[in-house]
Amino acid sequence: MTLHTQKKIKFNLIPIAFLLLFGFSIQAQDKKAKDLLGEVTSKVKSYENITIDFKYSLNNAKENINQDSKGNVTMKGNQYVLNFMGITKIFDGKKSYTIVPEDEEITVSKVNENDDDAITPSKMLTFFNSGYKYTLDILQDIKGRKIQYIKLVPLSVRDKRKEILLGVDVQTKHIYNLIETGKKGTKTTLTVNSFKTNQPLSKNQFTFAESKYPNYYINKLD
């Protein structure tokens, strides 16, 4: 597997990571965890838009893998612009545009939001309404911030993840980080470096402009 292929695979995992940040089970399995997740959800719903700068780490001691990357995402409703590992992904509410400058290639695909298997920003608050049990975990003091962790354990035996730790800032009710541990020892961590809300956005913020990429090959999947 080439480095560029690895980049594409990890890039495709990021939207899932963000869905995990905001989409979780709200079932009455642990009242304190439920109440905290409910507060986080209410906060997210109250914002016109959200801009996040993040750090993404991939570690596997057995395979001697340690990789760090940075990225950012701006979201409004079901639209978003994601920049990660030199790749940009734009979702305008109907179509997804994956822009890869290294290959001078753009992949365009339609997204059916009625498809239960489709991972879209519009499902951020509902995607994980089932499939996990959760409990309140440790409370840590990180750089003067009280971070309460919630442990999410997949119910499906086919899930490759052992558990997910979701860190919530107790004061702001914003997500601080997400730590995902795989059954084979791989650990991925997404840490929010900055969380900005209700920023002034261009009216074309989520619009793909083909004229900006005159020499790119455009691969239309639909």
Does [X] belong to the same Ile/Leu/Val/Met/Phe/Trp/Tyr cluster as [Y], with side-chain heavy atoms less than 4.5 Å apart forming each link?
X      : Y      : result
Met75  : Leu82  : yes
Ile179 : Val153 : no
Leu190 : Ile142 : no
Tyr80  : Val192 : yes
Val40  : Ile147 : no

Is the backbone of [Y] close enough, under 3.5 Å, to the side chain of [X] for a donor and an acceptor to pair up by distance?
X      : Y      : answer
Gln148 : Ile138 : yes
Gln79  : Gly77  : no
Asp92  : Lys94  : yes
Asn198 : Glu48  : yes
Thr186 : Gly182 : no

Just wondering, do [Y] and [X] contact through their side chains at under 4.5 Å, heavy atoms?
X      : Y      : answer
Ile106 : Asn219 : no
Asn177 : Leu166 : no
Tyr213 : Pro101 : no
Lys89  : Val81  : no
Thr107 : Tyr97  : no
Phe208 : Phe91  : no

Please indicate whether [X] has more than 12 foreign heavy atoms, meaning atoms of other residues, nucleotides or ligands, lying under 6.0 Å from its [atom1].
X      : atom1 : value
Lys43  : NZ    : yes
Lys32  : NZ    : no
Lys173 : NZ    : yes
Asn204 : CG    : yes
Glu104 : CD    : yes

Please report the closest heavy-atom contact between [X] and [Y], naming both atoms and the distance.
X      : Y      : answer
Gln199 : Thr51  : CG-OG1, 4.2 Å
Asp68  : Ser57  : OD1-OG, 2.7 Å
Lys183 : Ser156 : NZ-O, 4.4 Å
Ile87  : Ile99  : CG2-O, 3.4 Å
Asn60  : Lys184 : ND2-O, 3.9 Å
Tyr47  : His174 : OH-NE2, 2.7 Å

Interatomic spacing from OG1 in Thr191 to CG in Leu178 - rounded to 0.5 Å
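So the OG1 of Thr191 and the CG of Leu178 are separated by 9.0 Å.
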Could you measure the distance from the OG1 atom of Thr98 to the CD atom of Glu105? Nearest 0.5 Å is fine.
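Going from OG1 on Thr98 over to CD on Glu105, the span is 9.5 Å.
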Got a sec, which residues hit side chain to side chain donor-acceptor pair (under 3.5 Å) with Asp169, two or more places apart in sequence or on another chain?
Arg145
Quick one: do Ile50 and Lys196 satisfy side chain to side chain contact (heavy atoms under 4.5 Å, CB included)? Show the steps, please.
CA-CA 6 Å; Ile50 299 172; Lys196 298 178 182 179; over 6 Å; no
With side chain to side chain contact (heavy atoms under 4.5 Å, CB included) as the test, would you mind laying out the steps for Asn59 and Ile65 before giving the verdict?
CA-CA 5 Å; Asn59 306 100; Ile65 298 175; over 6 Å; no
Sequence neighbours excluded, every pair satisfying ring pair (Phe, Tyr, Trp, His ring centres under 6.0 Å) that has a member inside residues 140-169:
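Counting only pairs at least two positions apart or across chains, no ring pair (Phe, Tyr, Trp, His ring centres under 6.0 Å) contact touches residues 140-169.
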Checking side chain to side chain contact (heavy atoms under 4.5 Å, CB included) between Ile150 and each of Leu136, Leu165, Asp137, which is the one that passes?
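It is Leu136; the other options fail the test.
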Side-chain donor-acceptor pair under 3.5 Å between Ser194 and Asp53, yes or no?
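Indeed, the side chains of Ser194 and Asp53 share at least one donor-acceptor pair under 3.5 Å.
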Modelled atom types, side-chain donor and acceptor of Asn83 and Asn72, under 3.5 Å
yes
Between Tyr56 and Thr189, is the side chain to side chain contact (heavy atoms under 4.5 Å, CB included) condition met? List the steps.
CA-CA 6 Å; Tyr56 183 81; Thr189 303; over 6 Å; no
Mind running side chain to side chain contact (heavy atoms under 4.5 Å, CB included) on Phe195 and Tyr176 for me, showing each step along the way?
CA-CA 9 Å; Phe195 189 104; Tyr176 170 70; over 6 Å; no
